[in-house]
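Each remark here refers to the structure printed beneath this line.
Whatever order the structure lists ligands and atoms in, that order sets their numbers, starting from 1. Since the model is a prediction, treat every value here as computed from it, not as a measurement.
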Amino acid sequence: MTLTLPLRLLIATALAALTSLPTTAQTSEHSFIDKNMAFAARQYHRLAAVPPEGRAVMPHSLDAKRNLVRVPVRAWTAGFFPGTLWLLADYNDDKALLDSARAYTRLMKPMQHYTGNHDIGFMMMCSYGNAVRLAPQPGDTAVLATAARTLTRRFDEKVGAIKSWDSFRSWHGVSTYTYPVIIDNMMNLELLFFAAQVSGNDTLRHIAVSHADKTLRWQVRPDGSCFHVVYYNPENGAFIKGETAQGYADNSTWSRGQAWGIYGFTMVYRETGERRFLDAAMKMADFYANHPALPADKVPYWDFDAYRPGFVPGRRSHARDVVTNYRDASAAACTASALLELSTYAQGERAERYFETARAILHTLASPAYRAAEGGNGGFILRHSVGSIPHGNEIDVPLSYADYYFVEALCRYGLLLNKRPLFVGRNVKQASKAR
Ligand code: GLY
């Protein structure tokens with residue numbers, strides 16, 4: 001990632017202001033991070049100890065009987081397990097976890113050619129992206145460059161966006177539009193920016209910026225919330241409509257989608273330095289942090305509107321079936337990680353607010369209300385995430401991506417406490433530890 005000079009100066013000023021915690025508080029926060037990273041490493045040793053068999057190789061969740069669910073490498077979540085292993089190996093200087101991270105990452109190699117949907121960014125950046133950042137081996141960067149070119153095959157210049165799914169029959173069985181784009185897709189742009197930088201191929205960058213602009217124009221709503229799914233006309237790129245797939249209603253705000261948006265626009269600002277993307281990230285972050293339905297512990301319900309008195313769902317909604325009060329720890333973990341980065345780009349009181357909100361989320365997630373007991377939770381770190389309530393999938397379970405963003409956020413928190421920038425090139429080995 002290449003930070004422009006003004007962006008570097010801005011971050012340096014923000015870092016100096018941000019982490020003005022008294023020394024005693026800093027020490028106790030470092031100890032908080034150390035304890036959680038050590039706990040997470042013990043849990044992941046357990047998960048990594050069971051050798052994968054067959055095609056479903058990557059630990060993903062637990063089923064209703066609390067048995068381990070693994071997914072094949074083509075699943076959108078496949079990169080998170082190796083990604084978490086990389087982060088924990090690096091922080092804890094743990095050779096066994098490092099070896100596991102490499103072994104599980106290698107399983108992802110064939111996915112550099114995967115064209116089935118847009119998720120190749122999640123899959124490859126969490127696995128190979130962390131490998132390249134923390135312990136690169138010959139050929140790792142080339143895998144990411146190929147993966148980025150693969151992702152561009154889903155981009156259509158007429159629409160100006162990457163198509164998320166090939167076709168999608170929406171949950172109410174009516175829509176069968178042909179160019180669906182989901183907010184999650186913002187996360188996959190990081191692969192394009194990375195590959196643009198290492199290959200000098202500006203087309204990759206153009207595609208990423210075009211997609212982000214299209215999403216900003218049509219997917220982000222004026223109040224800073226977002227549609228989960230937007231359909232475009234493939235002939236001319238015109239907006240057709242916004243819907244939901246995993247949220248409560250078409251006009252509601254699915255919490256993890258909001259988290260993907262906050263994280264995605266923050267990352268696009270990092271990569272471009274373009275103010276409109278920072279504004280988008282802050283608007284989406286403010287929606288999350290100021291929402292009247294956000295509980296005091298700052299872990300949202302699975303949809304901001306599912307449990308909000310007075311909210312009137314749009315015509316198409318799951319209203320009769322799925323008004324439940326499940327929380328989604330994965331949305332909170334991803335938001336915490338995003339807010340820590342955003343706090344280094346925002347100014348003054350706003351930066352402090354983002355930092356403090358992230359800190360509050362991390363402390364909530366690390367409390368017994370969310371964090372597993374030692375040896376429990378099948379080896380996963382966090383409890384109480386939600387895959388998709390409308391589909392009846394993965395309700396109130398551990399999920400590999402909740403763990404990944406929790407651990408990533410802890411690493412980022414440590415870096416900021418040390419007044420270290422989060423992105424200084426490829427190597428941020430152990431700079432998050434107390435010193
Ligand atoms: N990207 C799919 C999900 O967030 O559930």
Side-chain angles (χ1 to χ4, degrees), residues 58-62 69 71-81 83-84 111 114 116-127 129 151 154 161-166 168-171 180-191 211 215 219 225-230 242-248 252-265 267 284 288 299-304 306 318 322 324 326-338 380 382 384-406 408:
M58 296 295 183
H60 164 81
S61 185
L62 297 181
V69 176
V71 291
V73 290
R74 67 163 188 285
W76 80 272
T77 60
F80 292 113
F81 182 66
T84 305
M111 300 315 294
Y114 182 67
N117 57 44
H118 67 145
D119 287 323
I120 191 169
F122 280 112
M123 294 146 89
M124 303 312 282
M125 284 304 280
C126 293
S127 55
L151 179 57
R154 304 190 65 82
I162 295 163
K163 186 163 67 168
S164 297
W165 299 321
D166 285 341
F168 179 66
R169 189 169 171 80
S170 67
W171 56 267
V181 176
I182 63 174
I183 189 72
D184 322 28
N185 208 334
M186 286 297 298
M187 302 293 284
N188 294 311
L189 305 182
E190 192 166 12
L191 173 64
H211 185 98
T215 303
Q219 204 134 7
S225 66
C226 61
F227 288 115
H228 180 196
V229 190
V230 163
E243 274 193 5
T244 197
Q246 284 160 260
Y248 166 54
S252 74
T253 303
W254 175 50
S255 300
R256 195 162 58 254
Q258 191 69 17
W260 296 143
I262 299 167
Y263 194 116
F265 280 110
M267 175 271 296
M284 294 193 80
Y288 180 110
V299 176
Y301 294 107
W302 66 283
D303 186 299
F304 278 96
H318 305 286
V322 293
T324 64
Y326 290 110
R327 305 288 194 93
D328 184 10
S330 76
C334 178
T335 300
S337 190
F380 292 98
L382 296 181
H384 305 314
S385 289
V386 164
S388 177
I389 286 196
H391 296 89
N393 284 343
E394 301 168 343
I395 298 171
D396 199 20
V397 291
L399 286 167
S400 58
Y401 44 99
D403 287 3
Y404 178 82
Y405 290 106
F406 177 62
E408 182 186 78

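Salt-bridge check for R154 with D166: passed, with a basic side-chain N closer than 4.0 Å to an acidic carboxylate O.
Remark: the S337 side chain and the E408 side chain contain an N/O donor-acceptor pair separated by less than 3.5 Å.
Annotation: the span from M186 atom CE to Y263 atom OH amounts to 12.0 Å, rounded to 0.5 Å.
Side-chain atoms of S385 do not come within 3.5 Å of backbone N or O of D328 as any donor-acceptor pair.
Near D184, with a cut-off below 4.0 Å to any heavy atom, the atoms of ligand 1 are 1 (N), 2 (C), 3 (C), 4 (O). Less than 4.0 angstrom separates some heavy atom of Q246 from each of these atoms of ligand 1: 3 (C), 5 (O).
When hydrogens are left out, the protein atom nearest atom 5 (O) of ligand 1 is R256 NH2, 2.6 Å; that is the closest non-hydrogen contact.
In terms of N/O distances under 3.5 Å, ligand 1 is approached by W260.
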